[in-house]
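Chain naming here is simple, since letters A, B, ... match the order of the sequence lines and numbering starts at 1 in each. What's counted below: heavy atoms across the whole structure, side chains too, no hydrogens, waters or symmetry copies.
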Amino acid sequence: MTTTQKPTDTVLAELVQTERIHRLLFDYAFHLDMNHPDEIAALFTEDCYVAYGPTFGAEGRQAYSETLGGIGSFFAATSHHVSNIVVDFGPDLATAIVRSVLYAWHKYTKERPDGHFFGQYHDELVRTDEGWRFKRRELRASGVVDFHVKKQIPIGRAES
Amino acid sequence: MTTTQKPTDTVLAELVQTERIHRLLFDYAFHLDMNHPDEIAALFTEDCYVAYGPTFGAEGRQAYSETLGGIGSFFAATSHHVSNIVVDFGPDLATAIVRSVLYAWHKYTKERPDGHFFGQYHDELVRTDEGWRFKRRELRASGVVDFHVKKQIPIGRAES
Amino acid sequence: MTTTQKPTDTVLAELVQTERIHRLLFDYAFHLDMNHPDEIAALFTEDCYVAYGPTFGAEGRQAYSETLGGIGSFFAATSHHVSNIVVDFGPDLATAIVRSVLYAWHKYTKERPDGHFFGQYHDELVRTDEGWRFKRRELRASGVVDFHVKKQIPIGRAES
């Protein structure tokens with residue numbers, strides 16, 4: 001047991017970067033709920049890949065950015081609740097693999113029941129001079145209720 | 001890249017205080033769900049301001065405290081889920097601006113559908129000898145479902 | 001006010017262990033949603049106690065493990081959202097008392113409405129050579145909606 005010993009500088013540096021990674025995830029959710037597509041896109045790398053579904057996604061920030069235009073007109077309101085964040089760092093804390101859990105509520109502009117999304121984000125982050133950015137973001141569904149997207153990437157729950 | 005260098009004492013002090021600020025937010029939610037109005041009020045400064053709606057709020061801990069009396073009789077149960085916490089410190093870590101996200105479920109004592117609140121807390125905190133306290137707390141709504149309060153402070157989602 | 005002073009090694013060690021404890025709670029939720037009963041059981045001590053209801057629970061990892069077999073067949077999907085985590089350490093950071101909040105969504109294999117659970121985890125953790133483990137885990141309910149378990153341990157909300 002070494003808990004009462006001084007934590008190493010590396011462990012402390014990981015803690016500091018973990019908090020900054022939390023903020024990246026929270027800024028994404030904030031700007032999504034605020035309908036700030038430009039601020040969302042700025043959180044991704046130029047060569048990012050964003051996986052939407054089993055068979056498709058957006059390659060590159062420009063392509064991803066174009067998919068964000070409809071947020072404001074398609075949704076009347078959204079609320080993204082991100083928790084259960086687990087961070088694993090690469091060498092020199094230059095990259096990170098991050099897993100988190102999402103509950104998202106969606107109110108549509110069209111007359112239809114509110115949509116509920118339950119699932120996981122799986123992210124590959126890179127540390128840039130401007131801070132942490134999404135290089136790859138994949139959203140997987142545990143399940144949905146009255147959601148507008150019919151086909152999701154499953155979390156891969158084991159069969160019994 | 002300085003991640004593998006030793007974090008500065010200031011950065012580490014911010015991490016320590018960030019965890020304590022998380023606890024303030026979580027204690028508020030805990031005492032609210034437990035119907036502990038006195039414990040809730042004790043988390044606020046004497047001169048606090050709590051914003052309820054677009055046009056009204058409670059000025060001072062005493063006035064705020066009086067608004068908490070009805071929690072137990074009005075709600076049969078509540079559950080406040082706080083996440084997406086982002087903290088920005090003022091000089092000397094004596095103050096902090098905090099943004100967080102709330103999903104709150106409400107079961108009423110009256111026969112009516114459960115109420116759901118989705119939104120953001122925007123807090124101004126001050127550090128006292130007894131620890132962090134709320135000087136200003138504002139609750140903004142992304143949206144609500146079957147909620148008893150008809151008029152909320154909007155999060156200010158951008159129009160498209 | 002000593003915030004700008006260097007945090008003590010003990011305080012920093014607590015921060016490091018707090019993050020590891022978060023991960024234990026998140027790994028539990030992850031493996032539950034992924035239907036990984038063996039991975040869940042491995043997070044508990046040999047002599048653990050898991051409290052299910054007001055009058056019963058599982059004593060020991062083996063007994064607990066046997067209760068996990070039905071997860072995959074009983075639920076079509078679940079999503080466990082853990083937040084509001086508050087950690088209090090024992091001497092030498094060898095033990096910890098942890099309180100957290102849960103929102104869990106359950107989709108059943110049987111034809112019935114989705115079940116929603118709102119409540120609190122109350123955990124007693126011990127630090128082993130393999131890391132933090134659950135020695136005691138108790139789930140208390142603020143309330144439920146269409147949940148399959150009729151009787152829960154209440155959070156003990158004060159009467160008005």
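- Contact detail for B/Gly119 and A/Ser79: the closest heavy-atom pair is N-OG, 4.1 Å.
- For chain A, the nearby part of B/Leu12 is the side chain; its heavy atoms alone come within less than 4.5 Å.
- Side-chain contact check for B/Val11 versus A/Glu19: every heavy-atom pair is 4.5 Å or farther apart.
- Heavy-atom distances place the backbone of B/Val87, and not its side chain, under 4.5 Å from chain A.
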Give the C-alpha distance, both sets of side-chain angles, the deciding distance and a yes or no for side chain to side chain contact (heavy atoms under 4.5 Å, CB included) between B/Asp88 and A/Arg23.
CA-CA 11 Å; B/Asp88 288 302; A/Arg23 190 170 186 135; 2.9 Å; yes
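- Side chain of B/Asn84 to backbone of A/Leu25: no donor-acceptor contact under 3.5 angstrom is found.
- Only the side chain of B/Gln120 comes within contact range of chain A, with at least one heavy atom under 4.5 Å from a heavy atom of that chain.
- A 4.5 Å side-chain heavy-atom check between B/Pro7 and A/Val16 finds at least one atom pair inside the cut-off.
- A distance of 11.0 Å separates CG of A/Leu15 from OG1 of B/Thr18, quoted to the nearest 0.5 Å.
- Heavy-atom neighbours of chain B within the stretch residues 96-117 of chain A, taken at a separation under 4.5 angstrom, comprise A/Tyr103, A/Trp105, A/Asp114.
- Considering all non-hydrogen atoms of both residues, B/Arg157 and A/Ile71 come closest at NH2-O, 3.1 Å.
- Scanning residues 26-39 of chain A against chain B with a 4.5 Å non-hydrogen threshold yields A/Phe26, A/Asp27, A/Ala29, A/Phe30, A/Asp33, A/Met34, A/Asn35, A/His36, sorted by number.
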